[in-house]
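Chain letters run A, B, ... following the sequence lines, proteins first, then strands; residues in each count from 1. No experiment lies behind these values; they were computed from the predicted model shown.
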Protein chains: 4
Amino acid sequence: MFVSGTGLPLATPFDESGDVDEAALRSLVEAVEAAGVDFVVPCGSNGEAVHLDVAERTRVTEVVADAATLPVVAGTGHPSERVTVEQTRAAADVGADAALVVSPFYHQHDAGAIATHYERVADASPIPVYLYSVPKYTGTTLPPRTVQSLATHENVHGIKDSSGDLETLQRYVTLTSGADFDVLVGSGSVYAAGLDAGASGGVLALANVVPDLASEVYDLHANGDDDAARALNRDLVELNRAVTAEYGVPGLKAAMRSRDYAAGYPRRPFQPVSDDVRAELVALVDEALADASVE
Amino acid sequence: MFVSGTGLPLATPFDESGDVDEAALRSLVEAVEAAGVDFVVPCGSNGEAVHLDVAERTRVTEVVADAATLPVVAGTGHPSERVTVEQTRAAADVGADAALVVSPFYHQHDAGAIATHYERVADASPIPVYLYSVPKYTGTTLPPRTVQSLATHENVHGIKDSSGDLETLQRYVTLTSGADFDVLVGSGSVYAAGLDAGASGGVLALANVVPDLASEVYDLHANGDDDAARALNRDLVELNRAVTAEYGVPGLKAAMRSRDYAAGYPRRPFQPVSDDVRAELVALVDEALADASVE
Amino acid sequence: MFVSGTGLPLATPFDESGDVDEAALRSLVEAVEAAGVDFVVPCGSNGEAVHLDVAERTRVTEVVADAATLPVVAGTGHPSERVTVEQTRAAADVGADAALVVSPFYHQHDAGAIATHYERVADASPIPVYLYSVPKYTGTTLPPRTVQSLATHENVHGIKDSSGDLETLQRYVTLTSGADFDVLVGSGSVYAAGLDAGASGGVLALANVVPDLASEVYDLHANGDDDAARALNRDLVELNRAVTAEYGVPGLKAAMRSRDYAAGYPRRPFQPVSDDVRAELVALVDEALADASVE
Amino acid sequence: MFVSGTGLPLATPFDESGDVDEAALRSLVEAVEAAGVDFVVPCGSNGEAVHLDVAERTRVTEVVADAATLPVVAGTGHPSERVTVEQTRAAADVGADAALVVSPFYHQHDAGAIATHYERVADASPIPVYLYSVPKYTGTTLPPRTVQSLATHENVHGIKDSSGDLETLQRYVTLTSGADFDVLVGSGSVYAAGLDAGASGGVLALANVVPDLASEVYDLHANGDDDAARALNRDLVELNRAVTAEYGVPGLKAAMRSRDYAAGYPRRPFQPVSDDVRAELVALVDEALADASVE
């Protein structure tokens with residue numbers, strides 16, 4: 001096991017002019033570390049990686065690696081192998097401990113081409129590689145049999161599964177059980193269930209808003225109290241939906257601000273949420289915190 | 001009308017090591033110009049724009065602009081406004097005459113955010129902007145009412161519609177009929193039908209393989225011989241499907257090579273087609289040429 | 001060619017209590033015949049066939065066959081072969097001239113099972129069979145190669161294609177060109193384009209509202225005036241969308257009533273449209289009629 | 001709680017000529033009762049309800065109600081309210097204890113129309129009604145907020161959720177927690193996880209093949225041994241996929257036969273699986289049984 005526990009796919013704070021706000025980013029890293037997460041993930045989907053150019057992504061990773069004391073798993077995937085390798089090497093150079101590589105998007109590829117893609121990236125990467133399956137953004141679910149095969153590559157250490165589909169996650173766990181391979185839950189609504197199914201941890205957008213509670217789900221489970229982990233997770237479902245499927249990154253950042261995290265602005269074409277949505281998000285955050293404190 | 005006729009979304013030739021083969025690219029531009037197309041489009045979907053980094057895209061545009069005598073409409077869209085604007089300005093600097101801006105992808109955005117995105121890009125662009133709706137890659141169909149509204153922007157000159165859906169294309173034409181706005185057909189199987197519906201021209205992957213015949217469809221239509229245009233187009237449908245929906249960019253490049261165009265290799269994760277597919281493509285090219293010569 | 005021209009997939013008028021209103025149905029048949037359509041199609045998708053039981057469907061077909069002087073092509077498809085055959089034989093018994101058989105729905109089947117299904121239904125049917133591809137309801141597009149093969153069956157006479165996808169329709173036409181096989185356009189927005197592509201006619205929900213204009217599209221095309229056919233069709237696109245994709249059968253019936261056709265009520269779970277939608281539909285009907293009169 | 005535990009959505013055995021094999025059906029009911037399930041569900045999706053006409057469905061329900069000592073929850077949903085009510089009353093007349101009503105399919109309806117549909121069916125039904133959400137067949141996921149509202153109807157007793165999506169199931173559980181409302185898991189791969197999330201039981205196609213093991217998952221959970229329930233369920237995932245998503249009803253029936261259950265033939269257009277698939281299914285059954293015996 002290379003990483004485990006609760007990973008935080010850091011939102012990237014932009015200032016009003018759309019520049020990366022490095023001071024805010026550092027402050028965010030410090031705040032979430034203090035809240036108890038186990039590793040940080042700059043430049044994931046919720047970090048708006050696709051809104052950054054190659055140099056910006058490397059710089060964001062550098063700032064995070066510099067500010068963090070925890071392991072850093074940097075998002076480095078692009079549609080092409082070449083840029084992915086370049087981005088991965090750059091991430092390693094600036095201090096990332098591992099790379100999270102989203103499956104190629106825009107063009108579709110068959111399972112064979114995807115497997116070859118990951119093998120070549122893993123061969124070229126100086127740091128361990130994590131697969132990343134996020135069908136809502138890429139249109140592709142990494143096939144469990146392909147993941148099973150890639151799990152035997154010595155530089156492929158795990159997968160983040162953001163499908164939200166527990167059957168698929170269970171298959172990833174079962175089919176890779178003979179390898180040293182981490183399955184990480186990518187969907188905040190099924191974190192506890194994924195841990196029950198054998199996942200090693202999670203990388204959850206939701207953790208940007210409630211890093212403390214997301215970590216507590218993991219800790220409760222790790223301490224053998226599955227029931228309490230699930231009960232706590234249940235209280236986070238409506239909030240999780242609001243900051244992902246419902247309102248996306250702008251919703252996530254608005255919810256973060258309600259907890260005084262340095263979320264900054266989203267980058268355009270994202271637009272800040274309306275006042276009504278902001279109020280709804282604040283209410284959901286409050287409700288989740290209240291429910292959780294009762295558990 | 002800013003551009004009209006048959007545009008060619010140039011495949012980007014890579015050499016065996018995956019570098020852009022500039023000599024091949026120049027030779028390709030010359031060859032397709034000689035075949036009679038009306039404008040060229042570097043860095044579109046079939047040019048594997050998403051497989052290039054920002055600097056490579058600009059360089060490809062520069063090489064094409066330098067080699068071409070025809071108008072150059074360069075693909076400059078990225079998921080973020082910022083990189084799109086940067087790429088668009090760079091394209092203008094190196095000689096592009098207009099920009100083709102794919103709708104934001106990876107993250108989904110509502111119609112209002114998409115409209116604002118295009119307005120801001122068009123405001124910032126030194127060259128005319130064409131919208132680009134390609135739902136199979138982006139998951140988004142540009143809503144006809146949004147396009148109607150954007151058509152009134154003085155720097156938005158048209159749209160490439162690759163939905164393949166004639167109803168949508170017809171609505172684009174009708175709803176923008178009061179503006180100076182070009183609707184360009186993006187799907188080779190419905191080129192003649194799209195022209196019949198009022199499109200000003202097309203930008204067709206298929207034209208990489210048969211630039212002569214694609215241009216002839218337009219010319220026949222322009223000369224009032226709709227029936228002959230449709231008959232010729234009909235002979236290209238199976239070939240068009242094979243080099244787009246069926247085998248994608250690798251299929252397109254294999255078919256191009258069968259006609260001695262300097263297609264080069266696709267960039268990974270694309271892999272060259274198998275020998276069987278290559279043979280199938282050669283047969284489809286031969287059949288299309290034979291059928292067309294009879295019309 | 002067995003049927004050609006403009007077919008009308010009759011809405012089924014229900015009374016307020018939800019019973020079939022046979023008097024209204026007869027009156028509707030007479031009215032649309034007077035408006036100039038070429039054949040009638042009871043128990044299609046817009047006839048709410050799935051809202052009728054087997055006996056009701058047969059009775060609706062009987063009433064229509066009795067009232068009509070034109071050919072009657074009755075919808076007889078069910079998810080199973082057995083009920084489809086039973087319904088088809090009953091339709092023949094009560095006077096239907098041909099059967100329109102929707103591809104099996106609810107469960108999905110591969111191309112081989114679909115081909116066998118149609119072969120067995122056609123073998124058992126005393127009347128000619130038309131295939132029916134309507135992916136928005138069934139989730140299945142009949143594969144062109146399967147249709148090509150079925151076209152050689154002596155009792156399979158054609159296909160209604162409601163995909164709206166002109167490439168698919170063109171392939172149906174081309175691949176069955178050697179057989180005596182009718183391709184009928186099932187989408188009102190692309191009627192003229194489908195005829196241009198070689199279709200023999202259409203079966204259009206829109207014709208319930210404007211049977212006169214739908215027929216005129218066909219007649220103009222048949223008389224060689226393709227341009228006028230397309231121009232007229234173009235004026236019907238917004239109305240067509242409103243009575244199909246936008247507001248469905250309740251919208252269709254509201255629009256019909258605005259022209260004094262005996263549409264009756266939809267069957268629940270359909271609910272009548274709101275007053276706002278009704279007003280929008282009336283405006284679209286008026287606009288279409290006004291535009292058409294100018295052409 | 002009206003029903004709980006493991007429900008079995010009985011396959012409907014047909015003989016070679018396609019008739020319902022009533023003797024086989026009785027024998028199947030007896031066999032699965034002996035294997036320990038808690039209630040039986042004739043005429044569900046895997047019972048090929050859509051392949052039966054109204055009278056056949058009633059007769060199948062009657063045979064099952066006559067043969068069964070356990071509660072009978074009969075599938076009675078059709079696309080229209082009228083036929084659904086008729087089928088539901090008939091089911092009650094022949095001895096069904098409750099009705100499982102699939103959401104209206106073929107035509108799509110908005111949440112308001114769906115809610116009204118269920119309210120009217122529940123008002124008219126002499127027996128308790130269960131909602132049924134099965135998006136892979138209907139294209140519709142019952143919205144959690146709609147389910148929350150329907151849960152307050154005194155004759156709506158629960159829902160079968162076959163989405164396979166644990167977040168949705170969790171929301172159904174949470175949002176209806178104030179009502180006397182059963183949430184039943186409809187996907188065999190997530191049975192244990194669904195019970196962990198608060199479901200009252202399940203209705204699982206898989207139980208046709210391994211009624212003993214499916215019941216054991218429930219019993220282990222009910223006895224507080226969540227870990228063992230999940231471990232056993234995990235051993236059933238590959239088999240579950242094979243008899244549902246992968247090979248459908250024909251695969252289910254082949255797997256049943258390998259355990260000497262009276263599965264009979266599927267009704268056409270379903271075709272029996274090939275010998276290769278049959279061998280694969282036998283192997284998966286053997287593997288599941290072997291793994292389960294080790295747990």
Side-chain angles (χ1 to χ4, degrees), chain A residues 135-136 141 143-145 148 161-177 183 185-199 204 206 221 224-242 244-246 284 287-288 291 295, chain D residues 135-136 141 143-145 148 161-177 183 185-199 204 206 221 224-242 244-246 284 287-288 291 295:
Chain A
K136 91 169 165 170
T141 298
R145 296 289 176 186
Q148 177 182 31
D161 174 22
S162 296
S163 69
D165 178 36
L166 197 67
E167 180 189 273
T168 298
L169 184 132
Q170 180 68 75
R171 296 186 77 208
Y172 290 150
V173 169
T174 305
L175 293 173
T176 64
S177 61
V183 176
V185 183
S187 173
S189 292
V190 299
Y191 190 19
L195 294 171
D196 283 343
L204 310 163
L206 174 70
H221 179 272
D225 197 351
D226 298 359
D227 288 341
R230 285 192 297 269
L232 176 55
N233 200 156
R234 190 164 51 233
D235 294 336
L236 304 174
V237 168
E238 296 296 323
L239 174 60
N240 181 64
R241 285 193 68 254
T244 57
E246 198 79 14
L284 283 166
E287 200 178 326
D291 288 350
E295 298 288 351
Chain D
K136 91 169 164 168
T141 297
R145 295 291 176 185
Q148 177 181 32
D161 173 23
S162 297
S163 69
D165 178 36
L166 197 68
E167 180 188 271
T168 298
L169 185 132
Q170 181 68 74
R171 297 185 76 210
Y172 290 152
V173 168
T174 306
L175 294 171
T176 65
S177 62
V183 176
V185 182
S187 173
S189 294
V190 298
Y191 190 19
L195 295 171
D196 283 342
L204 310 164
L206 174 70
H221 180 270
D225 197 349
D226 297 0
D227 288 342
R230 285 192 298 269
L232 176 55
N233 201 156
R234 190 164 51 234
D235 294 336
L236 303 175
V237 167
E238 295 296 323
L239 175 60
N240 182 62
R241 286 194 67 255
T244 57
E246 196 80 15
L284 283 167
E287 200 177 326
D291 288 350
E295 298 288 349

Within this structure, what is the CD-OG distance for the pair D:Gln170 and A:Ser189, rounded to the nearest 0.5 Å? 8.5 Å

Contacts of A:Glu287 meeting salt bridge (charged side-chain N to carboxylate O under 4.0 Å, His left out) (sequence neighbours excluded), chain-then-number -> none

What one should report as the nearest heavy-atom pair of A:Val190 and D:Glu167 is CG1-N, 4.1 Å

Selection from A:Asp196, A:Asn233, A:Asp165 maximising heavy-atom pairs under 4.5 Å formed with chain D: A:Asp196

Below 4.5 Å, heavy atoms only, C-beta onward: do A:Thr174 and D:Glu238 meet side chain to side chain? no

Could I get the full list of side-chain hydrogen bond (donor to acceptor under 3.5 Å, both in side chains) partners for A:Asp225, not counting sequence neighbours? none

